[in-house]
Novice: 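Please see the structure below; I have some questions.
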Amino acid sequence: MRESLISMLHQLLKEMDYVQSQGAGYYTCTPFARRFNKLVLQSSRYLGENNLLMESFEPLDESDPKDPADKSKSLLGIRIEIGQLIALLESTAPQTRESDR
């Protein structure tokens, strides 16, 4: 589950790159925020409701700004949140002990 979530978050970043390369006037932020919110919910379930770091994530606004500059800011915020969630999930990887190697 952890690897699947990480993979999906990386793919979401790639899709954002593609859409953003098309130009600020042509993309919408809504599907990215909506997908991120769903992945945060699944990550929270995976890590457990008592994970204090998951409490640092809040649902993102799924409305779509009209101004291209605001769209760019919104996508930057989504990118930052995705990066932080990836880092959290990656840090939960089972640690191998030196004697297990």
Novice: Determine, stepwise, if the pair R35 / M8 fulfils side chain to side chain contact (heavy atoms under 4.5 Å, CB included).
Specialist: CA-CA 10 Å; R35 172 52 58 187; M8 291 175 77; 4.1 Å; yes
Novice: Any idea which heavy atoms bring F57 and Q84 closest together, and the distance?
Specialist: CZ-C, 3.8 Å
Novice: Which residues pass the salt bridge (charged side-chain N to carboxylate O under 4.0 Å, His left out) test with R34, not counting sequence neighbours?
Specialist: E62
Novice: Give a yes or no on whether the backbone of L39 and the side-chain of S43 come within a donor-acceptor separation of less than 3.5 Å.
Specialist: yes
Novice: Members other than I80 in its cluster, when Ile, Leu, Val, Met, Phe, Trp, Tyr link by side-chain heavy atoms under 4.5 Å?
Specialist: L76
Novice: Show the nearest heavy-atom pair for residues M1 and Q42, with the distance to one decimal.
Specialist: CE-OE1, 3.9 Å
Novice: Can you name the residues that form a side-chain contact (heavy atoms from CB on, under 4.5 Å) with D64, not counting sequence neighbours?
Specialist: T28, C29, T30, K71
Novice: Please give me the minimum heavy-atom distance between V40 and M54, naming the atom from each residue.
Specialist: O-CE, 3.5 Å
Novice: Of the options L60, L13, N37, which is the one that meets I78 in a side-chain contact (heavy atoms from CB on, under 4.5 Å)?
Specialist: L60
Novice: Checking N51 now: which residues fulfil side chain to side chain donor-acceptor pair (under 3.5 Å) with it, not counting sequence neighbours?
Specialist: none
Novice: Do I86 and L53 share a hydrophobic cluster, counting only Ile, Leu, Val, Met, Phe, Trp and Tyr and linking them when any side-chain heavy atoms are less than 4.5 Å apart?
Specialist: yes
Novice: Sequence neighbours excluded, which residues qualify as side-chain contact (heavy atoms from CB on, under 4.5 Å) partners of D67?
Specialist: A69, D70
Novice: Identify the two heavy atoms, one from L12 and one from F32, that lie closest to each other, and give their separation to 0.1 Å.
Specialist: CD1-CD2, 3.6 Å
Novice: Would Y18 and I82 show up in the same hydrophobic cluster when neighbours are defined by side-chain heavy atoms closer than 4.5 Å?
Specialist: yes
Novice: Closest approach of L9 and L89, non-hydrogen atoms and distance?
Specialist: CD1-CD1, 3.7 Å
Novice: Quick one: pull up CD in E90 and OG1 in T92 and give me the separation to the nearest 0.5 Å.
Specialist: 9.0 Å
Novice: Checking E15 now: which residues fulfil side chain to side chain donor-acceptor pair (under 3.5 Å) with it, not counting sequence neighbours?
Specialist: Q11
